[in-house]
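All values below were derived from every heavy atom in this structure, side-chain atoms included, with hydrogens, water molecules and symmetry-related copies excluded.
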Amino acid sequence: MMKNDMKTEIRYACESDREFWFTLDRHLSFAEFQKKVRDQQAYVLFADGAPVGILRYQLFWDNTPFCTLLYVKENVQRRGFGKTLTEHWESEMRSNGYRSVLVSTRADESAQNFYRFAGYSDCGSLILPDQPTELFLRKSLPGQE
């Protein structure tokens, strides 16, 4: 990981982030983006005032925060921004009373290594026809009983 000495800020996504959001997220519909903004289930990370990363989540089983997308612009990857964004989300979920969080990634993607290094443990998988296996990983949030 390269050293990062940029000033970062993370805030909930808002309507004015839409153009940037869709440069990184090609899976979310416009209507779902609006719901994420409304429900405050999406974040934008800024470095030195410029947007560089996004994270969105939902509640799995209506009670477990599940990160459905974490993405940092390619030209600034491996500088700790993904870690910063993930830790911010985990901290907020902990302060909201959640005991654990979930993430998933395809088995053919290197993100699984990122999550394992961040303390996530494998907890299952989903196999769909003609697609790589989707790996599910879980992390307990310390401080919750």
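- Sorted by first and then second residue, the pairs that involve residues 26-35 and meet salt bridge (charged side-chain N to carboxylate O under 4.0 Å, His left out), not counting sequence neighbours, are E32-K35.
- The shortest side-chain heavy-atom distance between L85 and W89 does not fall under the 4.5 Å cut-off.
- Minimum heavy-atom separation, S125 to L135: CB-CD2, 4.3 Å.
- Separating the CZ atom in R11 from the CG atom in D17 is a distance of 4.0 Å, to the nearest 0.5 Å.
- Legend: residues meeting side-chain contact (heavy atoms from CB on, under 4.5 Å) with A118, ordered by chain and number and at least two apart, are Y120.
- The minimum heavy-atom distance linking L24 with G53 is given by the pair CD1-CA, 4.2 Å.
- Looking only at distances, a side-chain donor or acceptor of Q112 sits under 3.5 Å from a matching main-chain atom of A107.
- Cluster membership check: L69 does not share its hydrophobic cluster with L55, using side-chain heavy-atom separations under 4.5 Å among Ile, Leu, Val, Met, Phe, Trp and Tyr.
- A single hydrophobic cluster is seen to contain both Y12 and L70, as judged by linkage of ILVMFWY side chains at heavy-atom distances under 4.5 Å, directly or through other members.
- One finds the CE atom of M93 at 8.0 Å from the NE2 atom of H88 (value rounded to the nearest 0.5 Å).
- With sequence neighbours excluded, the residues forming a salt bridge (Lys or Arg N to Asp or Glu O under 4.0 Å) with E15 are R18, listed by chain and number.
- Other members of the cluster containing L128 are F60, W61, F66, L102, L126, F136, with ILVMFWY side chains joined at under 4.5 Å, either directly or via other members.
- Side-chain heavy-atom separations under 4.5 angstrom define the hydrophobic clusters, and F117 shares its cluster with no other residue.
- With sequence neighbours excluded, the residues forming a side-chain hydrogen bond (donor to acceptor under 3.5 Å, both in side chains) with S104 are E134, listed by chain and number.
- Under the rule for a side-chain contact (heavy atoms from CB on, under 4.5 Å), the partners of S140 that lie at least two apart in sequence or sit in another chain are R138.
- With values rounded to the nearest 0.5 angstrom, C67 atom SG is found 11.0 Å from L137 atom CG.
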Show the numbers, then the answer: is there a side-chain contact (heavy atoms from CB on, under 4.5 Å) between I54 and F20? CA-CA 9 Å; I54 59 175; F20 170 71; 3.7 Å; yes
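- Here the CZ-CG distance, from R78 to N75, works out to 14.0 Å after rounding to the nearest 0.5 Å.
- Considering CZ of R79 and OG1 of T8, their distance stands at 13.5 Å, rounded to 0.5 Å.
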Can you give the donor-acceptor pairs under 3.5 Å from side chains of residues 38-52 to other protein atoms, not counting sequence neighbours?
from	atom 1	to	atom 2	distance (Å)
Q41	OE1	K36	NZ	3.4
Y43	OH	E92	OE2	2.5
D48	OD1	K7	N	2.9

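- With sequence neighbours excluded, the residues that form a side-chain hydrogen bond (donor to acceptor under 3.5 Å, both in side chains) with D25 are W21, R56.
- The minimum heavy-atom distance linking P65 with S100 is given by the pair CD-O, 3.5 Å.
- Of all heavy-atom pairs spanning T105 and A111, the tightest one is OG1-CB, 3.4 Å.
- Shown here are the ring-ring contact (aromatic ring centres under 6.0 Å, His included) partners of F114, two or more places apart in sequence or in another chain: there are none.
- In this structure, T86 contributes its side chain and K83 its backbone to no donor-acceptor pair below 3.5 Å.
- Under the rule for a side-chain hydrogen bond (donor to acceptor under 3.5 Å, both in side chains), the partners of K139 that lie at least two apart in sequence or sit in another chain are E90.
- For D108, the side-chain contact (heavy atoms from CB on, under 4.5 Å) partners two or more places apart in sequence, or in a different chain, are R106, P132.
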